[in-house]
Amino acid sequence: MKELIKKLTETFSPSGREEKIREVILEEIKPYVDEYEVDKLGNLIVHKKGNGKKILLDAHMDEVGFVVTYIDDKGFIRIEPVGGVNPANLLYKRVQFESGAVGTVGIEGETVKQLQENYKNITFDNIYVDIGAKSREEAEKRVKRGMFGGYTTNLEVLGDRLMAKSMDDRIGCAVVIQTLKELDSSPNDVYAVFAIQEEVGLIGATVSAFGIEPDMGIAVDVTGWGDTPKGMKRLAITLGDGPAIKVKDRYMIASKSVVDLLVKTAEENEIPYQMEVLLYGGTDGAMIQKTKKGIPTGVVSIPCRYVHTQSEIVDYNDVLNAVKLLKFTLKKEMK
Ligand code: CO
Ligand code: ZN
């Protein structure tokens, strides 16, 4: 599965520009599903037919990034975030654009004092992207206003841990793909959505859940962590302790019936798990839950450090156990 994770995380597809990642996912999953569809907004919806209840799995395929707002006379580029990007994460890091152009991020400062002050308060107003161009004209041959950009890093295997950009939420995509690959049969009618534009407002999940109208939804996404030096004390999530079953985040309280089902399935099959109460953020699950007359919805989360940076870290065992948990859940007859 590591090869798959490498392929997915090294593909560059920020929110609104999911064409490339959708192609990669489709190629992987096509042989394992009965039918697929790309909807009007670009969600990839796959279907594994069954006679029972309609179960929806959802993982978002976009990643955070930025968009070009302005190119100055000297060819330096100003940007605006797409999704939750901390400008401090970008400074002096290698970035890429849709065109394939690469560059790095610098910061303004006309005096030492001003530079020190800017370092303390890095914003999108005082940083710029340098693609090595000497003029606007030269820059515009590679990058244009309105073009999207983002991180560019390769997957690194660090023992049991994997580090890459866009683990949020390509690791969720990998888990859903692998689950469908391993699911030889199910009493349920299984749909999976690889959703667009989660990072800018859960857009893809909103419309796809409406169209499918499932009996139950399970979003698969990353969650935070509390297990690093002076890590967030109230966030007791530990890499390697198993996939996390969401109880609550800022956008939703997971449906108790789904939480109970996931916990029961984990215990019956001796799959390690941890309960998740996330202090910030939300997932596609929040929108699936509010669809039509209401869809009981839960979330299986992969603990992930440094979310929304170019070096997000997950534990491979959590990933494998998340696949197991979903597979056994889908094999259950739902009432
Ligand atoms: Co995210
Ligand atoms: Zn996510």
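Whatever order the structure lists them in is the order used to number ligands and atoms, beginning at 1.
Arg78 and Asp72 are not joined by a salt bridge, as no carboxylate oxygen comes within less than 4.0 angstrom of a charged side-chain nitrogen.
Inspection of the environment of the Zn ion (ligand 2) yields the following protein N, O or S atoms under 2.8 Å: His60 NE2, Asp168 OD1, Asp221 OD1, Asp221 OD2. Here the protein contributes Asp168 OD2, Glu199 OE1, Glu199 OE2, His308 NE2 as N, O or S atoms under 2.8 Å from the Co ion (ligand 1).
Inter-residue side-chain proximity for Leu90 and Tyr151 is flagged as met; some heavy-atom pair is nearer than 4.5 Å. In this structure the side chain of Phe194 reaches within 4.5 angstrom of the side chain of Ile29, judged on heavy atoms. Within the 4.5 Å cutoff, side-chain heavy atoms of Asp221 are placed close to those of Glu198. Between Met167 and Leu162, the closest side-chain pair of non-hydrogen atoms falls below 4.5 Å.
Residues forming a side chain to side chain donor-acceptor pair (under 3.5 Å) with Arg136 (at least two apart in sequence, or on another chain): Asp73. For Lys292, the side chain to side chain donor-acceptor pair (under 3.5 Å) criterion is met by Glu213, not counting sequence neighbours.
Distance check, rounded to the nearest 0.5 Å: CD1 of Ile302 to CD of Glu312 gives 12.5 Å. The distance from atom OG of Ser301 to atom NZ of Lys246, rounded to the nearest 0.5 Å, is 4.0 Å.
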